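Note that the structure is a prediction, hence the values are computed from the model and not measured. Order of the sequence lines fixes the chain letters, A, B, ..., with proteins taken first and strands second; residue numbering starts at 1 for each chain. Note: hydrogens, waters and symmetry copies are ignored here, and every other heavy atom, side chains too, is used.
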Amino acid sequence: MPASPSFREQVLALVAQIPSGRVMTYGQLALLAGHPGAARQVGSVLRGLPGDSDLPWQRVVNAQGRVSTYRVGLGEWQRSLLEAEGLSFSAAGQLDLVAAQWWPSDSARP
DNA sequence: CTGATGACAGTAC
DNA sequence: AGTACTGCCATCA
């Protein structure tokens, strides 16, 4: 592992801490990773993850509370996983971030 | 090193 | 409300 944790390592570490039934946004992960505004890189990191990764990458959604999968079909799968964890999606396929968004106890929430 | 890229976010219309 | 454009910033060629 690199001596200085890269942005990628930080994001992966944060995603690994997301408990079941909760989600985090890309911008939030970027902020907690120490690089506010780098939300796009968070997506790039998750994009490179293998499908059988141990990381709960499916619990990462965009600021709108919707899944931003880069591949059709994968979004349906991700949505099913989140619903199985107790999350509720609206008719538009969005979930209530106010109730579902999770913040590490280490960080102060707004 | 420079330019292009992108699982986003915020603002404008 | 939904769509379009811009800004941001870490990787990759």
Side-chain angles (χ1 to χ4, degrees):
Chain A
M1 52 157 70
S4 49
S6 64
F7 175 81
R8 203 160 123 187
E9 294 295 327
Q10 290 287 349
V11 172
L12 295 178
L14 287 166
V15 172
Q17 295 173 46
I18 307 178
S20 178
R22 297 286 189 178
V23 297
M24 287 181 82
T25 67
Y26 293 92
Q28 181 186 356
L29 285 169
L31 178 69
L32 295 175
H35 295 262
R40 302 184 69 165
Q41 276 51 257
V42 177
S44 296
V45 171
L46 298 181
R47 181 193 175 203
L49 289 175
D52 62 349
S53 177
D54 294 330
L55 292 172
W57 63 267
Q58 59 274 18
R59 293 172 189 152
V60 181
V61 298
N62 58 23
Q64 300 175 7
R66 305 185 74 179
V67 297
S68 301
T69 47
Y70 73 111
R71 242 156 121 161
V72 183
L74 200 56
E76 297 295 315
W77 179 67
Q78 179 175 359
R79 191 182 64 121
S80 298
L81 287 175
L82 294 177
E83 287 181 327
E85 293 180 354
L87 294 175
S88 57
F89 282 80
S90 69
Q94 304 181 202
L95 41 76
D96 186 8
L97 284 179
V98 179
Q101 188 171 19
W102 176 79
W103 289 83
S105 16
D106 191 68
S107 240
R109 15 188 208 285

Separation of [X] atom [atom1] from [N] atom [atom2], in whole Å?
X: A/Tyr70; N: B/dA7; atom1: OH; atom2: P; value: 9 Å
X: A/Leu31; N: C/dA10; atom1: CG; atom2: P; value: 13 Å
X: A/Phe7; N: B/dA7; atom1: CZ; atom2: P; value: 14 Å
X: A/Ile18; N: B/dA7; atom1: CD1; atom2: C1'; value: 13 Å
X: A/Met24; N: B/dC8; atom1: CE; atom2: C1'; value: 15 Å
X: A/Gln10; N: C/dT11; atom1: CD; atom2: C1'; value: 16 Å
X: A/Leu55; N: B/dA7; atom1: CG; atom2: P; value: 18 Å
X: A/Arg47; N: C/dT11; atom1: CZ; atom2: P; value: 14 Å

Tell me whether A/Val45 shares a hydrophobic cluster with A/Tyr70, the cluster being built from Ile, Leu, Val, Met, Phe, Trp, Tyr side chains joined at under 4.5 Å.
yes
What about A/Leu12 and A/Phe7, same hydrophobic cluster or not, with Ile/Leu/Val/Met/Phe/Trp/Tyr joined at side-chain heavy-atom distances under 4.5 Å?
yes
A/Gln78 (side chain) donor-acceptor with A/Gln58 (main chain) under 3.5 angstrom:
yes
Taking atom [atom1] of [X] and atom [atom2] of [Y], what is their separation to the nearest 0.5 Å?
X: A/Arg8; Y: A/Leu46; atom1: CZ; atom2: CG; answer: 10.5 Å
X: A/Gln64; Y: A/Gln94; atom1: CD; atom2: CD; answer: 6.5 Å
X: A/Ser20; Y: A/Leu87; atom1: OG; atom2: CG; answer: 7.5 Å

side-chain contact (heavy atoms from CB on, under 4.5 Å) with A/Arg40: which residues, sequence neighbours excluded?
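In terms of side-chain contact (heavy atoms from CB on, under 4.5 Å), with neighbours along the sequence ignored, A/Arg40 is linked to no residue.
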Would you indicate whether the side-chain heavy atoms of A/Ile18 and A/Val60 approach each other to under 4.5 Å?
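SC-SC contact between A/Val60 and A/Ile18 confirmed.
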Atom pairs, N/O to N/O, protein against nucleotides 9-13 of chain B, distance under 3.5 Å?
| unit_1 | atom_1 | unit_2 | atom_2 | d |
| --- | --- | --- | --- | --- |
| B/dA9 | OP1 | A/Gly27 | N | 3.3 |
| B/dA9 | OP1 | A/Ala63 | N | 3.1 |
| B/dA9 | OP2 | A/Ala63 | N | 2.6 |

Any residue of residues 79-93 of chain A with a heavy atom less than 4.0 Å from an atom of DNA chain B
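The stretch gives none, as no residue of it lies under 4.0 Å from the strand.
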Could you go through the side chain to side chain contact (heavy atoms under 4.5 Å, CB included) check for A/Arg66 and A/Val61 one step at a time?
CA-CA 6 Å; A/Arg66 305 185 74 179; A/Val61 298; over 6 Å; no
Would you please confirm or rule out a distance under 4.0 Å between OP1 or OP2 of C/dA10 and any side-chain N or O of A/His35?
yes
Between B/dC8 and A/Arg40, is there an OP1 or OP2 to side-chain N/O distance shorter than 4.0 Å?
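Checking B/dC8 against A/Arg40, no side-chain N or O comes under 4.0 Å of OP1 or OP2.
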Report which part of the nucleic acid A/Arg8 touches: base, sugar-phosphate, or nothing (heavy-atom distance under 4.0 Å, all strands).
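The residue A/Arg8 makes sugar-phosphate contact but no base contact.
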